[in-house]
Number of protein chains: 2
Amino acid sequence: MPLKPSNSIPDIVIGRLPLYLRALTHLRQEGRDVTSSHELGEKLGISSAQIRKDLSHFGGFGKQGTGYQIDFLIDRLRKVMQVNQEWRVAVVGAGHLGSAISRYRGFRDRGFRIAWVFDADPAKIGTKIDDFIVQDVANMQDIIRSNKVQIAMIAVPAEQAQQVANLLVEAGVRAILNYAPININVPPHVMVQYIDPVVHLQHMTYYLLSDE
Amino acid sequence: MPLKPSNSIPDIVIGRLPLYLRALTHLRQEGRDVTSSHELGEKLGISSAQIRKDLSHFGGFGKQGTGYQIDFLIDRLRKVMQVNQEWRVAVVGAGHLGSAISRYRGFRDRGFRIAWVFDADPAKIGTKIDDFIVQDVANMQDIIRSNKVQIAMIAVPAEQAQQVANLLVEAGVRAILNYAPININVPPHVMVQYIDPVVHLQHMTYYLLSDE
DNA sequence: TCCCGATTGTGACTTTTTCCACTATTCTAC
DNA sequence: GTAGAATAGTGGAAAAAGTCACAATCGGGA
C-alpha cells in the first residue's frame with residue numbers, strides 16, 4: 001500500500017530501513033560505536049546477507065573487516081528516508097486512541113512532530129491535549145493546505161475513516177497512517193499504511209494451540 | 001517473527017487472512033451476501049488470483065460462476081485462524097497507550113477480550129479502566145499461569161519491554177504483540193509481532209517529496 | 001612487515017511469491 | 001434447454017526475494 005513504482009529499489013527493502021535505523025539507535029544508546037551485519041541481523045531476526053544487500057542499494061556504508069560505524073550509518077539512513085528533518089503530522093480523532101497518539105513522546109526524535117489534532121465532537125473541540133488544542137475538523141482542510149501538511153494519522157471510528165481520508169487527500173495529504181480497521185480508497189499518488197492490532201493477533205492465533 | 005516452520009502453508013498467506021476476514025465483515029455489514037475474488041481484491045489492493053490461490057489452500061470455499069458466500073467464508077476463515085473462540089488477552093502497561101488499548105471496543109467481536117491490565121506504578125495499581133482494575137505486575141505471572149493466558153500485549157516504555165517479555169514468556173505466554181519500539185528476544189516457540197507507527201511513517205517518507 | 005581473523009559487497013543460485021491463462025462450473029435470460 | 005457471461009480453482013511461467021559463498025579489504029598483533 002505504499003510505493004511508487006518508478007524507483008528501482010524494492011519497496012520491501014525500504015520497509016526494512018526503519019527497522020535498521022531503530023536497532024542502530026538502540027545500539028548507540030548503549031554506547032556502541034561500531035556494529036556488523038551479523039550483530040544487526042541477530043537483533044532483528046534477519047540474515048546478515050540480507051542486511052548487507054539492503055544497505056548496498058544505497059552505497060557502501062561499511063568497511064570490510066570492521067563493520068559499520070553506527071553514527072555514520074544512522075546519519076545515512078536518516079537521509080535516505082528523509083527523516084533528518086522534522087515532518088509535521090496531523091492527527092484526526094481525539095478519542096482515547098487519538099489522545100494517546102498525540103501524547104506519545106516517541107515521535108519527536110525519530111523525525112515526526114504531531115502538530116495538530118482534529119475532532120468533530122463539539123465536546124472535544126477546544127480541549128487541551130498536552131500542548132495543543134483540539135481543532136474543529138471543519139477547519140482541517142484550511143490548516144492542512146496553508147501548512148502544506150503531507151502526513152496524517154486517522155484515529156476515528158471505521159465508519160468515518162473513508163470520509164476523513166477523502167478530506168485529507170483533497171487537502172493535499174500524501175501519506176496516511178490509518179488506525180481505523182478498514183481499508184480506505186485513495187488516489188494512486190497517496191500512500192496508506194495500516195495499524196490494526198487485531199490483524200496481528202489473528203495472524204498469531206492461527207499458530208496457537210487452542211487448549212479449550 | 002511469527003511462524004512455525006512445520007506447516008505447509010506459507011506464513012505470508014496466513015498474514016493476509018485477517019485482511020480478508022476484515023473486508024468480508026465489512027461487506028456483510030453493508031448487507032451483501034456474496035462477493036467475488038475480484039471485488040475483494042479491489043477493496044484490498046490485491047490481485048484476484050492471489051486471493052483465490054490463498055483461499056484454495058484451505059479448501060474450495062467458492063462456487064464457480066457465483067463467487068463466495070460471505071457468511072460461509074467468514075465462518076471458515078474464523079475457524080482457520082481460530083478466532084471462532086474468544087482469546088483472553090493480558091495488557092502490560094496502563095499508561096496512555098495501554099489505557100487506550102484496554103478501552104478499545106474493537107477486539108471483542110474479532111476474537112479477543114482484554115481480560116487483565118498490569119502495571120508496576122503504585123499510583124496506577126488499583127485504579128479502574130472501564131470495567132477492570134489495574135493489577136500489580138508482581139501478580140502477573142501467577143495470574144497468567146493460573147488462567148493459561150497465551151496472548152499478551154506490551155505497552156510499556158522501550159527500556160522495560162524486554163524484561164516484561166521475559167516474565168510473560170516464563171509464565172507461559174505464546175504470542176506477544178509489542179507496542180514498544182524495540183526488538184525483543186524470545187525463545188523460538190514464542191511469536192512476536194510489532195506495532196510501531198514510526199516504522200510506517202518512515203517507510204512512507206522515503207517516497208515523499210520534501211519541499212522544504 | 002606480514003599474517004590472520006573478521007567482515008563487507010556482490011554475482012550466482014535457490015527459494016518463494018505472484019501472476020497468467022485456461023478449464024470447469026454456475027447462474028441467468030430467453 | 002441452450003447460449004453466454006461470470007467466476008472459482010489450478011498448473012505452470014514469471015518475477016521477486018532471499019541465501020550462499022567467495023574475493024577484496026581492513027585492523028591488529030607478532
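Proteins get letters first, then strands, A, B, ... in listed order; numbering begins at 1 in each. Given the structure is predicted, the values throughout are model-derived calculations rather than measurements.
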* Take atom NZ of A:Lys53 and atom P of D:dC20, then tell me their distance rounded to the nearest Å. => 12 Å
* Specify the separation, in whole Å, of atom CD1 of A:Ile46 and atom P of D:dT19. => 9 Å
* **Residue pairs involving residues 55-72 of chain A (criterion side chain to side chain donor-acceptor pair (under 3.5 Å); sequence neighbours excluded)** => A:Arg28-A:Asp71
* **For A:Ser47, all residues meeting side chain to side chain donor-acceptor pair (under 3.5 Å), sequence neighbours excluded** => none
* To do: With sequence neighbours excluded, tell me which residues meet side chain to side chain donor-acceptor pair (under 3.5 Å) with A:Asp130.
  => A:Arg105
* Asked: If you look at every strand shown and take non-hydrogen atoms under 4.0 Å, does A:Ile12 touch a base, only sugar-phosphate, or nothing?
  -> sugar-phosphate
* Considering residues at least two apart in sequence or located in another chain, which fulfil the salt bridge (charged side-chain N to carboxylate O under 4.0 Å, His left out) criterion with A:Arg32? -> A:Glu39
* **Range on DNA chain C touched by chain B, heavy atoms, distance below 4.0 Å** => C:dT17 to C:dC27
* **Residue list, salt bridge (charged side-chain N to carboxylate O under 4.0 Å, His left out) with A:Asp75, at least two apart or on another chain** => A:Lys79
* Which residues share a side chain to side chain donor-acceptor pair (under 3.5 Å) with B:Asn166, sequence neighbours left out -> B:Gln162
* To do: For DNA chain D, find the residues of residues 26-33 of chain B with a heavy-atom distance under 4.0 Å and give them by number; none if there aren't any.
  => none
* Are a donor atom and an acceptor atom from the side chains of B:Asp11 and A:Tyr207 found within less than 3.5 Å of each other? -> yes
* Asked: For A:Arg103, which residues count as a salt bridge (charged side-chain N to carboxylate O under 4.0 Å, His left out) partner, sequence neighbours excluded?
  -> none
* To do: Would you indicate what A:Ser48 reaches in the nucleic acid, counting non-hydrogen atoms under 4.0 angstrom: base, sugar-phosphate, or nothing?
  => nothing
* Rounded distance (Å) that lies between atom P of D:dA17 and atom CG of B:Asp11 -> 17 Å
* Rounded off to whole Å, could you give me the CZ-to-C1' distance for the B:Phe72 and D:dA8 pair? => 13 Å
* Which whole-number value in Å describes the distance from B:Leu55 CG to D:dT10 P? -> 11 Å
I'd like a list of close polar pairs between nucleotides 22-27 of chain D and the protein, N/O only, cut-off under 3.5 Å.
| from | atom 1 | to | atom 2 | distance (Å) |
| --- | --- | --- | --- | --- |
| D:dC26 | O4' | A:Gln64 | O | 3.1 |

* Only counting residues at least two apart or in another chain, list the ones meeting side chain to side chain donor-acceptor pair (under 3.5 Å) with B:Ser36. => none
* Structure fact -> Per side chain to side chain contact (heavy atoms under 4.5 Å, CB included), A:Arg110 is matched among A:Glu86, A:Arg22, A:Met81 by A:Arg22
* Structure fact -> Residue pairs passing the ring pair (Phe, Tyr, Trp, His ring centres under 6.0 Å) test with at least one member in residues 90-109 of chain A, sequence neighbours excluded, are A:Tyr104-A:Phe107
* To do: Whole angstrom is fine here: how far is it from CD1 in A:Ile14 over to P in D:dA16?
  => 15 Å
* Asked: Separation of B:Ile51 atom CD1 from D:dA8 atom P, in whole Å?
  -> 9 Å
